[in-house]
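The next block holds one structure in the form of structure tokens; read it before the comments.
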There are 4 protein chains.
Amino acid sequence: MARSRSRTEKSASKREQILAAAAEVFSQKGYFRATIDEIIAKADTGKGTVYNYFSNKEELFYILIKEKNAPFLQALEDIAAGECHALEKITAMLRVFLAFYLENADLWRVLMHEMRGLEDEKLAAEGGQGRYRQEFHSGVDILSRTLALGMQEGVIKENDARRMAYALFSVILSMVYQGYARDRADETALAIADAFFNGVAVK
Amino acid sequence: MARSRSRTEKSASKREQILAAAAEVFSQKGYFRATIDEIIAKADTGKGTVYNYFSNKEELFYILIKEKNAPFLQALEDIAAGECHALEKITAMLRVFLAFYLENADLWRVLMHEMRGLEDEKLAAEGGQGRYRQEFHSGVDILSRTLALGMQEGVIKENDARRMAYALFSVILSMVYQGYARDRADETALAIADAFFNGVAVK
Amino acid sequence: MARSRSRTEKSASKREQILAAAAEVFSQKGYFRATIDEIIAKADTGKGTVYNYFSNKEELFYILIKEKNAPFLQALEDIAAGECHALEKITAMLRVFLAFYLENADLWRVLMHEMRGLEDEKLAAEGGQGRYRQEFHSGVDILSRTLALGMQEGVIKENDARRMAYALFSVILSMVYQGYARDRADETALAIADAFFNGVAVK
Amino acid sequence: MARSRSRTEKSASKREQILAAAAEVFSQKGYFRATIDEIIAKADTGKGTVYNYFSNKEELFYILIKEKNAPFLQALEDIAAGECHALEKITAMLRVFLAFYLENADLWRVLMHEMRGLEDEKLAAEGGQGRYRQEFHSGVDILSRTLALGMQEGVIKENDARRMAYALFSVILSMVYQGYARDRADETALAIADAFFNGVAVK
DNA sequence: CATGAATGAGTATTCATTCAT
DNA sequence: GATGAATGAATACTCATTCAT
């Protein structure tokens, strides 16, 4: 029977359906406005099932973020671990960032915005240590290390690498949000890289 | 006696107390998580009083945004209308932006993030035209016009002025959020201006 | 000065304005849905003024009912005290009823419907004795007495006079509510009288 | 065990418990004064449960009315479709009316009185067509058709059938409200029929 | 007397979470 | 494991009433 797919298969599938639906709904509505009802409707499952896989709404959100972030971080680490020069690494990372945010712009916007509210509660309740902030910053951290490398190599002006990384990161995000990168990702990546390295002033 | 301020004085004060409390709570919690109860507790007033001055929670939020934004826009317009060159105007605006966001970073983050949710309802209900989006973009618009002026003057590379304005804006905001501008506003403004005009690459 | 009309005059006028506005609003919205705010808007006065003349919303409603009812009861009593025969008296009363309800149909509908809710509270609170019910029934009582007189005179079939009075009364009210009496009060009065005395069956 | 009734059974029961409680509370307090809190207290259920079965207070009220009205209308239609003569049909309907209003007098009073307030909002909002009015008038309509039939048969005086139906209906209701039908339903039905057909005047 | 700013008790509704089947 | 009926804490908003001017 169609109904007799192995238990494991079905379960795995339910879990993924829920995560996919959650990604959509959290992206569209934000964390607090998203409802479990809307998620299960999209995931075509029952309410109890969500609570079988995730202990509560917040855990669902956190795991979603973590599972989306992991391969992105891996890609960045791979670039960082490569043999080429800092400038090349930075440009490569910039493309990875752009691709990732084109895919997850709304979800990450939610993460950035609602982190605070989520962690305030956690921190107050149990002295936790900002796990959302950690996920969010991890990507920028790798970029930051590579910028520092560029300074060591003497190709980038000495400056606060973290500050620089955040600036670069914010420009990427902004371009995505404003829609400038939607259909011209490569052109945009080059434009950002050029402005970042060379500035906008006519010399 | 302090307690015998005239009713008029007290009334004016109630409205301002509510707006001040609303600014705090909306900044901290975001629009949807903010509660009227928390606002009145901070404002030291009754629930009905809020509804005497503002027809509902959303109107309170909108008026708050509008009243904060107005003097900021005026300051930018004053700079734009001045006699000096584009580069000077841009640097001056950058300081104004930085000062404004140091004051209102969290509230503006809320505005940017929750605009969508607020306007979807409005637009669906009555075909309104995005009044939050309008408030939010107005500042960047002025900056954008000034960048375009710089291109005319030949001091800034030809490019999409709006895109540039958003990029610059996002960097400002990012610096504020990361706390780099908290106690070093001027240093930060200069660093941003320098990176923006000249880039980060060693020539 | 225009402003120096005698104090008494002005006060009386405010009181009447409030009562007139209250009549409109209570008629349209019912007792519980009517708001003091709407009444003062229509009466062109301040909220405090209402509470100067009437101790609370309920008292305002009660006094309104009482003052409307008094001349109506007087007119019925005048007919009852007259010299003519029962049938004539009944027909005359029927016209008075019709005229009164054409004027006050909605307000009396409210009275009849919301009496219960108003008096339950009162009775529970202070052992009062149904003052609304009293106002409402007083008109029917006079009609009932006159029907009993008709029975004595032998022109009306022996029956429960009160029951008959309520039946007649209800028909009058129904005709008014259904709008059959709006522009044809006299025709309607005759039609009711005829059906009441002679029945609808073909003999 | 009584406690282990199947979930389906219990669910059906919850819905009915809520409707029964709603009937009581709406009857006693009217639509606007009735509170969901009082309904759930009487229904021995939680607040959320009400909203699982009915989308809001108004829908609860409407469905209550509709489900009460349906079998009543069916009974009237059955009589109308029968083989006997108009006068017999009318008398039979009169008993059905009386029985129905003895059961639902207060709820129907509420319907009649608050229809207006409920439909004004609806009509303004979405151009709806008066669903309460429709439920309310449907019974009188059937009676009206049967009266018209009596005129065709030549046993009832030619007249406006609708007007007559409303008059008869109002008398029935009035008798119920005044309590004359409480323990003497049959006697009352006959008295009404007699007065209606033959009038009250001594011939 | 007339006024209206201030107030808070009361109400409909939403939504995360539980748990029996 | 999967399900969804039941639940109540939380929240925006209304409106009669008070009282200082």
Side-chain angles (χ1 to χ4, degrees), chain A residues 7-8 10-12 14-15 18 32-40 45-58 60, chain B residues 3-8 10-15 18 32-40 44-58 60, chain C residues 7-8 10-11 14-15 18 32-40 44-58 60, chain D residues 3-8 10-15 18 32-40 44-58 60:
Chain A
R7 183 161 297 265
T8 325
K10 272 179 68 190
S11 301
K14 280 288 174 194
R15 186 177 183 281
I18 291 168
F32 292 111
R33 297 271 290 173
T35 67
I36 302 292
D37 276 324
E38 197 175 350
I39 291 172
I40 62 171
T45 188
K47 200 172 285 198
T49 310
V50 172
Y51 286 87
N52 285 338
Y53 289 107
F54 308 95
S55 53
N56 54 41
K57 185 183 175 185
E58 209 236 297
L60 169 59
Chain B
R3 230 188 134 286
S4 74
R5 275 179 285 176
S6 88
R7 179 149 293 264
T8 325
K10 273 177 71 187
S11 300
S13 149
K14 279 288 172 192
R15 187 178 183 280
I18 292 169
F32 292 110
R33 291 276 292 175
T35 69
I36 301 292
D37 276 330
E38 196 174 350
I39 291 172
I40 62 172
D44 188 36
T45 189
K47 198 171 293 202
T49 309
V50 172
Y51 288 89
N52 285 339
Y53 289 107
F54 309 94
S55 52
N56 52 43
K57 183 182 174 184
E58 210 233 298
L60 170 58
Chain C
R7 184 163 296 267
T8 325
K10 273 180 69 191
S11 302
K14 280 288 173 195
R15 187 177 182 281
I18 292 168
F32 293 111
R33 297 273 290 173
T35 68
I36 301 291
D37 275 324
E38 198 174 349
I39 291 171
I40 62 171
D44 191 36
T45 188
K47 200 172 288 199
T49 309
V50 171
Y51 286 87
N52 285 338
Y53 288 108
F54 308 95
S55 53
N56 53 40
K57 185 184 175 183
E58 209 236 297
L60 169 58
Chain D
R3 230 189 134 284
S4 73
R5 275 178 286 175
S6 88
R7 181 149 294 265
T8 325
K10 275 177 69 185
S11 300
S13 150
K14 279 289 172 194
R15 186 177 183 280
I18 291 168
F32 292 111
R33 292 276 291 174
T35 68
I36 301 291
D37 277 330
E38 196 174 349
I39 291 173
I40 62 172
D44 189 35
T45 189
K47 200 172 291 205
T49 310
V50 172
Y51 287 89
N52 285 340
Y53 288 108
F54 308 95
S55 52
N56 53 41
K57 183 183 174 184
E58 209 233 299
L60 170 57

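Numbers restart at 1 for each chain; the letters A, B, ... are given by sequence-line order, proteins then strands.
In this structure, C:Asp44 places its CG atom 12 Å from C1' of E:dT3, rounding to the nearest Å. With rounding to whole Å, C:Tyr53 atom OH is found 19 Å from F:dT17 atom P. Note: CD1 (C:Ile40) to P (E:dT3) measures 9 Å, nearest angstrom. The CZ-P distance, from C:Phe54 to F:dT17, rounds to 13 Å in whole Å. With rounding to whole Å, C:Phe32 atom CZ is found 16 Å from F:dT14 atom C1'. Here E:dC15 presents its C1' atom at 13 Å from CZ of B:Arg33, a figure rounded to the nearest Å. One can place CD1 of A:Ile36 at 13 Å from C1' of E:dT14, the figure rounded to the nearest angstrom. Taking atom CG of residue B:Asp37 and atom P of nucleotide F:dT14, one finds them 15 Å apart after rounding to whole Å.
Taking all atoms of both residues into account, the shortest heavy-atom contact from A:Ile40 to A:Asp37 is CG1-O, 3.2 Å. The shortest non-hydrogen separation linking A:Asn56 to A:Tyr51 is CA-CE2, 3.8 Å. Nearest heavy-atom pair, C:Ile18 versus C:Ile39, reported as atom, atom and distance to 0.1 Å: O-CG2, 4.1 Å.
In terms of position on DNA chain F, the residue among D:Thr49 and B:Asn56 whose nearest nucleotide sits closer to the 5' end is D:Thr49. For the pair B:Gly46 and D:Lys57, nearest-nucleotide mapping onto DNA chain E gives the more 5' position to B:Gly46. Positionally, the nearest nucleotide of DNA chain F for A:Thr45 lies more toward the 5' end than for the other of A:Thr45 and B:Thr35.
The phosphate of E:dA2 (OP1 or OP2) has no side-chain N or O of C:Lys47 nearer than 4.0 angstrom. Phosphate proximity of E:dT14 to D:Tyr51: absent, as no side-chain N or O sits under 4.0 Å from OP1 or OP2.
Judged purely by atom type and a 3.5 angstrom limit, D:Lys14 has no side-chain atom pairing as donor or acceptor with the backbone of D:Val50. With hydrogens and angles ignored, the 3.5 Å screen pairs no side-chain donor or acceptor of B:Lys57 with any backbone N or O of B:Thr35.
With a cut-off of 3.5 Å on both Watson-Crick or G-U wobble distances, the partner of E:dA6 is given as F:dT17. If you check E:dT13 for Watson-Crick or wobble pairing at under 3.5 angstrom, you find it paired to F:dA10.
Below the 3.5 angstrom threshold, one finds a donor paired with an acceptor across the side chain of B:Asn52 and the base of E:dA6.
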